[in-house]
Amino acid sequence: MHMADALLTPAVAGTMYACSAAAAGYSVRMIRKEGQERQIPVMGVMGAFVFAAQMINFTIPGTGSSGHLCGGMLLSSILGPEAGFLTMIGVLLVQCLLFADGGLLALGANIWNMAFYGCFLGGMVIWRYMTGRKMSKTRIIAASMAGSVLALQLGAFSVTLETLASGVTELPFTVFLAAMQPIHLVIGLVEGAITAVVLVFIYEVRPELLWNCNKEGKKSRLSYKQTIAVFAAAAVVIGGLVSLMASSYPDGLEWSMERVAGTAELETEGGIYTWAEQLQSVTSLLPDYAWKNSDSVTGTIFSGIFGGIAVIAVCVVVCLILRHFRKKSSKGPENE
């Protein structure tokens, strides 16, 4: 569901940047207030895991389309909505800058569409209240399915609203909406199933890693370090090897655009679009998760591993900055 710059006017793109920045600012304040910087290892590794999982496009049978995990619901169910949201920003930032996945102008919209709903509605609302005080595998599965479907439906709806506000005449609102919502309903169901499998696994081996989880006497089968190591290894295997088997069909957004407009690539001319494209061409070391001017599979393998490391680095740097400012503000004038 990564939007390209051509789908948004600068005004709409700027508005979505402002909305995402406001949610990020709220998340930063909450993390500093609650001292969640200790989650650095989990944020980094789970961010790398989601990055790798997003490289796997799965085919939607009978449609000629594909989908991939968004991950907001998954991350917020482990890290909490605020830390999950910041981790998702790290994932989407790395995808945009290093791999040219999603437009630079559209980054604010992509953060809102792919991260906000999953983290703050899927995590803060659905996960929190459906799992409740008596967490169980059944409740985890139900919350995963409901939260993922809701997040994907709202994300897809936001895309259609953003193109409507941008006056993209090639994508008439009602026709585009009729294409986007059903295909993302199916994608949401698949994401819900994947999310449920991962969260049930964590519940079985290390339940205290789940956000808002009361262990209620349930014993951990793996240590904290062992659980982190499992997901780190999974990120490497998925990003470096399993990604080679990703579906080549267009994703839900591209598929919908092709059905409505006959193409997934709309044209833009001059101005800020050219500037954004030129800047992204400089930062994208591995455009489309491949070596520049090469179709070698080693480009995809390297992209999966390098991208995961980059996400970990972004999460660590952000958390260390937050920790620094939290310690500095906690000293108070009397200690300076």
Side-chain angles (χ1 to χ4, degrees), residues 1 16 18-34 36 39 42-43 46-47 50 53-54 67 69-92 108-162 180-181 184-203 207-216:
M1 202 191 295
M16 297 315 300
C19 292
S20 294
Y26 167 79
S27 298
V28 167
R29 288 195 298 273
M30 292 302 295
I31 288 176
R32 290 179 60 189
K33 179 180 179 181
E34 298 175 9
Q36 296 181 36
Q39 291 183 304
V42 186
M43 289 176 68
M46 292 311 302
V50 166
Q54 284 195 15
L69 186 80
C70 279
M73 175 70 188
L74 174 61
L75 288 176
S76 61
S77 300
I78 298 169
L79 302 167
E82 296 88 5
F85 185 70
L86 292 183
T87 303
M88 277 295 296
I89 290 178
V91 172
L92 293 168
N110 287 329
I111 290 171
W112 186 267
N113 300 337
M114 297 178 65
F116 179 83
Y117 297 118
C119 292
F120 288 103
L121 294 183
M124 181 177 285
V125 179
I126 301 296
W127 173 262
R128 182 176 183 179
Y129 291 103
M130 286 190 69
T131 56
R133 295 184 178 180
K134 296 182 179 180
M135 189 174 290
S136 66
K137 288 190 287 186
T138 301
R139 288 172 177 262
I140 289 173
I141 294 171
S144 299
M145 298 297 295
S148 297
V149 168
L150 176 64
L152 266 291
Q153 286 294 285
L154 290 174
F157 184 62
S158 286
V159 171
T160 62
L161 287 180
E162 289 153 9
M180 284 285 285
Q181 299 304 139
H184 283 93
L185 173 61
V186 180
I187 295 171
L189 290 170
V190 177
E191 172 156 359
I194 295 170
T195 300
V197 168
V198 175
L199 295 179
V200 167
F201 170 76
I202 295 175
Y203 180 70
E208 58 264 46
L209 275 184
L210 295 175
W211 181 62
N212 208 36
C213 178
N214 185 346
K215 288 180 62 178
E216 298 180 349

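The minimum heavy-atom distance between Ala115 and Leu92, with the atom names listed, is CB-CD1, 4.4 Å. Nearest heavy atoms, Gly84 versus Leu79: N-CB, 3.9 Å. The minimum heavy-atom distance between Ser76 and Pro81, with the atom names listed, is CB-CA, 3.8 Å. A pairwise comparison of heavy atoms in Gly122 and Ile126 identifies O-CB, 3.3 Å as the closest pair. Looking at every heavy atom in both residues, Gly123 comes nearest to Met73 through N-SD, 3.9 Å.
Note: Cys213 SG to Leu199 CG = 10.5 Å, rounded to the nearest 0.5 Å. Remark: Leu152 CG to Met1 CE distance equals 5.0 Å, nearest 0.5 Å. Considering CD1 of Ile78 and CE of Met46, their distance stands at 3.5 Å, rounded to 0.5 Å. Atom CD1 of Ile187 is separated from atom CD of Gln153 by 10.0 Å, given to the nearest 0.5 angstrom. The structure places OG1 of Thr138 at 10.5 Å from CE of Met130, a figure rounded to the nearest 0.5 Å. Separation of atoms CD1 (Ile89) and OG (Ser27) is listed at 6.5 Å; rounding is to 0.5 Å.
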Verdict with supporting geometry, Tyr203 and Leu209, side-chain contact (heavy atoms from CB on, under 4.5 Å): CA-CA 8 Å; Tyr203 180 70; Leu209 275 184; over 6 Å; no
Intermediate values then yes/no, side-chain contact (heavy atoms from CB on, under 4.5 Å), Ile111 and Phe85: CA-CA 9 Å; Ile111 290 171; Phe85 185 70; 3.7 Å; yes
Full working for side-chain contact (heavy atoms from CB on, under 4.5 Å) between Thr131 and Leu210: CA-CA 11 Å; Thr131 56; Leu210 295 175; over 6 Å; no
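Between the side chain of Gln181 and the backbone N or O of Phe157 there is at least one donor-acceptor pair closer than 3.5 Å. Proximity of a side-chain donor or acceptor of Ser148 to a complementary backbone N or O of Met145 within less than 3.5 Å is not detected. Glu191 places no side-chain N or O within donor-acceptor distance of the main-chain N or O of Val149, the cut-off being under 3.5 Å. Remark: the backbone N or O of Lys134 is paired with a side-chain donor or acceptor of Arg139 at under 3.5 angstrom.
Evaluated for a side chain to side chain contact (heavy atoms under 4.5 Å, CB included) with Val50, the options Leu75, Thr87, Val198 yield exactly one hit, Leu75.
Counting heavy atoms from C-beta outward, Cys119 and Met88 have side chains that approach closer than 4.5 Å. By the 4.5 Å heavy-atom criterion applied to side chains, Glu82 and Met124 are counted as neighbours.
The side chain to side chain donor-acceptor pair (under 3.5 Å) analysis of residues 113-122, with sequence neighbours excluded, yields the pairs Trp112-Tyr117, Asn113-Glu162, Tyr117-Ser158.
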